[in-house]
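Report on one structure; see the data block that follows.
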Amino acid sequence: MSHTSPHITPPKAATRLLLRFIKDELAEEVLGDLEEKFLKTIQTKTAKQARKNYWYQVIQYIRPFALKKLKLPGLRGQNPFDMYKHYLKISWRNLVRSKVFSSIKIGGFAIGIAACILIALFIQHEASYDRHYVDGDRIYRIANNYQSEDGSEMWVNLHGPLKPVLEESFPEIEKVSRAVLWSWGNAGENHIRPINSRQNIYDEGFFYADPELLEILEIPMVYGNSREALTAPNSMVITKSKADKYFPNENPVGRQMVLNDTPEDTYTIGGVMEDFPSNSHLQGDFILTLAERKTGPGTSGWCCTNYTFYLKLTPGSDKVALEDKMVKLRDTYLLDKFLEAGMTDVEDLKKHQSYYLQPIANAHLNPEHIYDSQVHGSHDLLWIFGTVAVIILIIACLNFINLSTARSVKRAKEVGLRKVVGSVRSSLIYQYLAESVFYSLLSVMVAALIAYLALPLFNTIADKSLSIPWTSAWFIPSLLLISLLIGTLSGLYPAFYLSHFNPIEALKGRATSGIKSSFFRSAMVVFQFTATVILIIGALVMHRQFEHYMDKALGFEKEQVINLLGVNTLKETEREVLREELLRLSEVENATLGDYLPVAGGAITNFGFQVEARKATDPGFEAARWRIDEDYLSTMGMELVAGRNFTKRASDEEGIIINERMAQGFALEDPVGTWLVDMFDGRYQIIGVVKDFHFESLTSNVRPLAMVLGKGQSTISVKVKTEDMQASIAAISRVWKDIKPNQPIRYSFMDERFELMYTDLARIKQLFLTFSVLAIVVACLGLFALSAYTIEQRSKEISVRKVLGASVSRIFTLLATDFVKLVIIASLIAIPAGWYLMDNFLNDMANRIELSWPIFTLATIAAFVIALVTISYESIKAALMNPASRLRSE
Amino acid sequence: MKETRLGDFEEVILLLVGILDEEAYAFKIAEEFESQTERSVSIGAVHSTLNRLGEKGFLTSEMGESTAERGGRRKRIYSITASGQRVLQESRDFKVSLWNQFPAFASGNLKIEWLNL
């Protein structure tokens with residue numbers, strides 16, 4: 001007993017805790033030490049602090065050397081580690097004894113998990129876009145929000161002069177920046193050279209922005225600072241990688257670069273920024289300033305909506321309130337400006353349109369479906385792939401369960417014997433759970449390896465640069481957690497099933513699997529094949545849809561058309577000379593100078609149009625407006641359904657050719673001769689109507705299109721006569737070299753650019769196909785092992801039948817029928833389900849195919865064939881077996 | 001145990017065992033560590049290290065007498081073994097040899113130190 005303060009003692013609970021975990025032989029000395037420490041502490045500190053310290057000291061004793069050997073409930077008196085070692089040994093022996101079976105079990109599981117790992121990485125990357133900003137919750141894009149009975153629509157483009165208005169009107173807006181992200185002025189692609197160099201180099205990733213953008217998007221700078229880098233007129237900021245390309249090993253701030261050999265387009269580098277991270281929705285390498293520009297981007301007024309707006313709000317400001325205030329501002333102030341600028345449908349705008357602030361984190365996946373000119377991930381796609389991943393995982397888990405229970409007869413004797421020597425059911429359950437976790441651990445390891453090996457392929461298909469985050473803190477632990485989780489989940493049923501056998505029955509060899517379990521197994525096979533057939537249907541539908549796009553009559557000729565790019569660096573007269581020189585070549589059939597192309601990468605302009613006679617009553621609509629020359633339609637193989645093409649006559653300056661869709665839009669019976677006016681009061685008379693052709697992606701419908709006479713600046717399209725593209729290119733290159741020796745020729749084939757518009761779709765198709773095949777493989781592995789098992793069980797029956805004279809084909813039919821029945825049931829479920837799902841999927845697309853029976857028949861037949869091939873190996877083997885060998889054994 | 005390397009903390013604990021001699025038991029060693037280094041340490045951490053040093057063969061221990069402050073419980077007294085002595089010696093020789101190769105120190109020419117004075 002203590003002499004100093006007998007009434008204060010160490011906390012009893014802590015002592016009890018210590019005695020619970022500490023080794024018995026250490027208890028005396030440790031308790032003594034801790035009590036001494038407690039008494040010592042009390043002399044200098046309060047009793048409370050001393051007690052707290054005692055607790056701390058006790059917790060600090062939770063160290064391996066001091067801990068008692070663990071005892072698990074239900075295993076009293078045994079060493080549990082020995083028991084687990086034993087389980088592991090038995091698992092391993094079982095694994096080795098039936099190698100094919102085990103490798104199917106582990107392999108199937110591993111393939112499923114590997115697919116999930118890849119999909120999870122993909123989803124994680126897609127979801128990580130634009131999460132890196134410190135003030136991410138205050139950064140927004142402004143979108144127009146049009147809501148009416150006919151549907152809703154959102155898009156980003158806004159009026160340029162809105163910027164100062166926003167800055168002055170709303171104190172909660174900290175910074176505003178506009179950006180021009182579509183091909184206007186020098187945005188997009190250019191030929192560029194440092195001012196003291198002669199060689200023009202093609203580069204892309206140009207866009208315009210206000211100086212504030214650097215600060216709003218918190219773009220880290222390598223040289224210069226983000227506040228001033230873009231403030232000077234004609235300044236630009238380039239990325240680190242471009243700085244290294246043009247000015248290796250130097251600080252390029254203050255250096256000048258010339259765009260497209262045009263002295264007016266000389267830009268001074270105001271700063272160098274870090275490259276945009278791969279998970280930023282905004283990508284690009286050259287930011288040109290909008291500050292104090294005299295022409296083009298940055299100067300358009302209230303007429304036109306050319307800008308994407310980025311905002312940074314002050315901390316704590318209310319986004320919804322600001323949206324409302326912006327609508328108020330528009331109604332009280334902006335509408336007058338719109339009217340002055342010639343807007344016609346003001347009432348409609350007032351009634352249906354509002355503003356929406358999109359959080360920057362949504363900008364990539366864009367769940368709001370805001371229309372802009374950027375490349376987006378797809379929210380729906382993530383859901384589709386996530387679902388596919390889960391389905392594959394379920395198929396793999398079911399395999400595992402199925403195969404484990406299928407082996408039950410083999411293990412029944414083991415269970416019986418264990419029970420006879422005194423094992424209780426709970427420890428048998430433990431054993432089978434441990435075994436299943438052991439298997440899933442092996443599978444996860446194999447899966448990680450498969451994922452690692454398959455990643456480069458996956459990256460190619462998905463056009464990503466993902467890597468497996470081996471070193472990150474969460475990756476390995478979450479893999480372990482997953483293997484524990486699915487090991488336990490898929491081990492539960494087999495564990496309870498296997499451990500329930502009556503030992504006497506089991507030892508007599510009478511523990512058959514029973515009707516209930518065979519029903520359960522059949523149900524699992526049906527589920528697996530239902531999922532498989534649906535995936536096959538999905539892959540087929542996507543393939544058909546894609547082919548449909550590729551083969552669709554587009555209304556223009558994309559074959560044998562070469563686009564000669566980057567001619568904007570030539571003087572206008574030179575361009576004409578080039579065109580004439582090209583026409584003189586024997587290979588060339590036709591050539592046109594036009595920037596507007598019906599494939600990816602063409603110029604885009606939209607104008608509002610009205611019929612002049614109905615100007616007061618009909619607000620008209622927006623249409624794409626192209627400038628083409630008189631050779632354009634013939635070069636592209638576009639067809640006029642009425643009127644005539646442009647000629648060199650001067651009167652054609654006022655002529656306009658519209659497409660059928662636009663004629664319908666105006667409800668014109670005989671459009672030729674009608675006068676139209678555009679939003680800038682330009683007057684045009686319709687001289688021709690062109691047959692509708694798809695000038696944008698086929699995933700949307702053909703929009704109205706109006707074509708006026710004008711020369712392009714950057715692209716010459718050449719229609720060649722021969723199939724021999726090599727020779728044509730060579731001839732064209734020679735002509736180019738004579739005219740523009742300081743710039744390498746750059747060209748593209750129009751059919752390739754056409755296909756480029758569908759790379760996303762092709763990618764989705766490819767991914768879906770890949771994962772469907774994976775699902776099929778996993779399901780087949782399961783079916784194979786299952787067939788091997790059931791056939792083995794029936795081997796005696798088969799032998800007897802053979803002795804009695806059954807033919808090989810008769811026995812094969814007998815065995816196959818069971819499985820074929822299951823596949824039929826699966827198909828019956830899968831066809832309506834697949835029909836419903838795919839119909840929904842296609843509904844979002846224009847020019848969709850109609851679902852037809854061939855797709856479903858093909859999918860069913862494919863599932864049939866796959867199933868039959870899978871089971872035939874074992875079935876035929878069984879049918880060919882010598883019956884004596886099996887019957888002799890007893 | 002094959003492992004015969006000596007960690008920093010282990011070395012300090014080993015030295016403290018030597019210093020405390022008859023009084024070298026976990027609580028006292030922890031107290032001494034705290035007062036000499038002005039760093040706090042839990043008794044459990046010291047005990048664990050003592051245990052490890054024992055496994056490496058640098059320490060032996062036996063149960064000592066009981067005292068009243070400990071509720072009549074006995075304490076485990078540690079003492080350094082011959083190999084413990086040797087490993088301490090080696091560690092010191094190694095550091096001295098390193099210091100001797102350090103030119104600023106070897107020549108006694110620590111200019112910055114002088115300037116600061």
Side-chain angles (χ1 to χ4, degrees), chain A residues 1-70, chain B residues 1-3 7 9-10 13-14 16-17 20-79:
Chain A
M1 275 288 119
S2 153
H3 302 298
T4 42
S5 38
H7 53 287
I8 301 174
T9 54
K12 285 215 173 56
T15 313
R16 269 204 302 277
L17 175 68
L18 184 77
L19 286 173
R20 245 203 132 83
F21 69 74
I22 203 154
K23 275 183 192 149
D24 292 336
E25 62 266 31
L26 289 178
E28 182 179 2
E29 50 182 298
V30 171
L31 277 176
D33 280 355
L34 292 194
E35 185 155 341
E36 252 187 88
K37 172 76 184 172
F38 180 73
L39 294 176
K40 180 89 189 297
T41 318
I42 262 186
Q43 286 165 12
T44 51
K45 293 186 174 134
T46 65
K48 198 175 163 197
Q49 278 168 325
R51 280 205 196 90
K52 213 168 124 191
N53 180 271
Y54 191 88
W55 271 106
Y56 167 75
Q57 298 291 358
V58 166
I59 303 292
Q60 284 286 321
Y61 255 101
I62 306 182
R63 285 159 194 275
F65 86 98
L67 294 183
K68 268 182 202 165
K69 286 263 187 291
L70 196 66
Chain B
M1 288 292 282
K2 282 257 162 76
E3 174 76 52
F9 186 65
E10 287 176 350
I13 295 296
L14 201 51
L16 287 174
V17 170
L20 288 167
D21 195 29
E22 287 295 299
E23 282 290 274
Y25 61 100
F27 162 68
K28 264 282 149 55
I29 297 167
E31 288 286 297
E32 194 64 20
F33 181 89
E34 288 187 346
S35 69
Q36 297 254 11
T37 64
E38 292 178 355
R39 275 156 54 195
S40 72
V41 69
S42 76
I43 300 173
V46 171
H47 198 156
S48 153
T49 307
L50 288 168
N51 188 60
R52 198 161 55 244
L53 288 168
E55 282 175 0
K56 288 183 183 177
F58 299 149
L59 286 178
T60 58
S61 67
E62 54 183 6
M63 296 306 276
E65 289 150 29
S66 57
T67 48
E69 294 114 46
R70 322 173 34 98
R73 296 185 188 88
R74 289 178 301 162
K75 48 197 169 195
R76 184 174 289 277
I77 309 288
Y78 291 85
S79 52

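Below, chain A is the first sequence line, B the second, and so on; all start at residue 1.
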Largest heavy-atom contact set with chain A, pairs under 4.5 Å, which of B:R76, B:R74, B:R70:
B:R70
Looking at OG1 of A:T41 and CG of A:N53, how far apart are the two atoms once the value is rounded to the nearest 0.5 Å?
4.5 Å
Heavy-atom side-chain proximity of A:F38 to A:Q57 below 4.5 angstrom:
no
Using non-hydrogen atoms only, which part of A:L26 is less than 4.5 Å away from chain B: side chain, backbone, both, or neither?
side chain
OH/B:Y25 to CD/B:E23 distance, rounded to the nearest 0.5 angstrom?
5.5 Å
Can you tell me if NZ on A:K23 sees more than 12 non-hydrogen neighbours from other groups inside 6.0 Å?
yes
In terms of heavy-atom pairs under 4.5 Å with chain A, the winner among B:H47, B:M63, B:K75 is B:H47
Checking heavy atoms, do the side chain of A:V30, its backbone, both or neither come under 4.5 Å from chain B?
side chain
